[in-house]
Amino acid sequence: MDDPGPRVGILMGSANDWEAMQAAEKALAELGVASDARVISAHRTPERLTRFLREAEEGTIEVIIAGAGMSAHLAGVTAAHTLLPVLGVPLAAGDLRGFDALLSTVQMPGGIPVATFGIGKAGAKNAGLFAAAILALGDSALRERLAKYREAQSAAVPERP
Ligand code: RP5
């Protein structure tokens, strides 16, 4: 069978962001959703970003997750260049431990939306799960896998400590 191609693009501003951002890839992989992770910086590699987004729009990518630290503008700039939904993950790089990235990512001026998640690994994981929920709107098999994921998660919580 032909490779259907990745449905989610996972962008991060630095290779140093991968430690947190791999939680998004892992969550998607557990749900059987292929993703394509790339190091793309809005300020260090701006052309790489526009090229990736052009190819994503023409290809199989349906949702983009963008994680960055410090004065994180990756998610906002990404959203400015595409109509695909952009899920932003603020990362704890630098002296302010992610608070700067949280504000930069969540406080988008009206007109270009970025759905913003929590700081770091948990935010990346939830962005992966949220991307899967978006894709599941038009994919009943994925919806089923998502339901099973939730059931397994509930079953793993002990009744007592
Ligand atoms: C951002 O600046 C990246 O997303 C990263 O979180 C932060 C620091 O980057 P490095 O100096 O570690 O490459 O662009």
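Every number for a ligand or one of its atoms is a count from 1 in the order of the listing. For this chain, numbers begin at 1 and follow the sequence in order. Model, not experiment: these values are computed from the prediction.
Within a 6.0 Å sphere centred on CZ of Arg143, heavy atoms belonging to other residues, nucleotides or ligands number 12 at most.
Within the 4.5 Å cutoff, side-chain heavy atoms of Leu135 are placed close to those of Val33. In this structure the side chain of Ile64 reaches within 4.5 angstrom of the side chain of Leu11, judged on heavy atoms. Here the side chains of Thr50 and His81 are in contact, with some heavy-atom distance below 4.5 Å.
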Is there any protein N/O under 3.5 Å from an N/O of ligand 1, and what does the full list of such pairs look like?
from: ligand 1; atom 1: 4 (O); to: Asp17; atom 2: OD2; distance (Å): 2.6
from: ligand 1; atom 1: 4 (O); to: Gly69; atom 2: N; distance (Å): 3.1
from: ligand 1; atom 1: 6 (O); to: Asp17; atom 2: OD1; distance (Å): 2.7
from: ligand 1; atom 1: 6 (O); to: Asp17; atom 2: OD2; distance (Å): 3.4
from: ligand 1; atom 1: 6 (O); to: Gly69; atom 2: N; distance (Å): 3.0
from: ligand 1; atom 1: 11 (O); to: Arg44; atom 2: NH2; distance (Å): 3.1
from: ligand 1; atom 1: 12 (O); to: Asn16; atom 2: ND2; distance (Å): 2.7
from: ligand 1; atom 1: 13 (O); to: Ser14; atom 2: OG; distance (Å): 2.7
from: ligand 1; atom 1: 13 (O); to: Arg44; atom 2: NH1; distance (Å): 2.8

Inset, instruction - Under the side-chain contact (heavy atoms from CB on, under 4.5 Å) rule, what do Ile65 and Leu28 come out as? Steps first, then yes or no, please. - result: CA-CA 11 Å; Ile65 298 172; Leu28 287 163; 4.3 Å; yes
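Salt-bridge check for Lys26 with Glu30: passed, with a basic side-chain N closer than 4.0 Å to an acidic carboxylate O.
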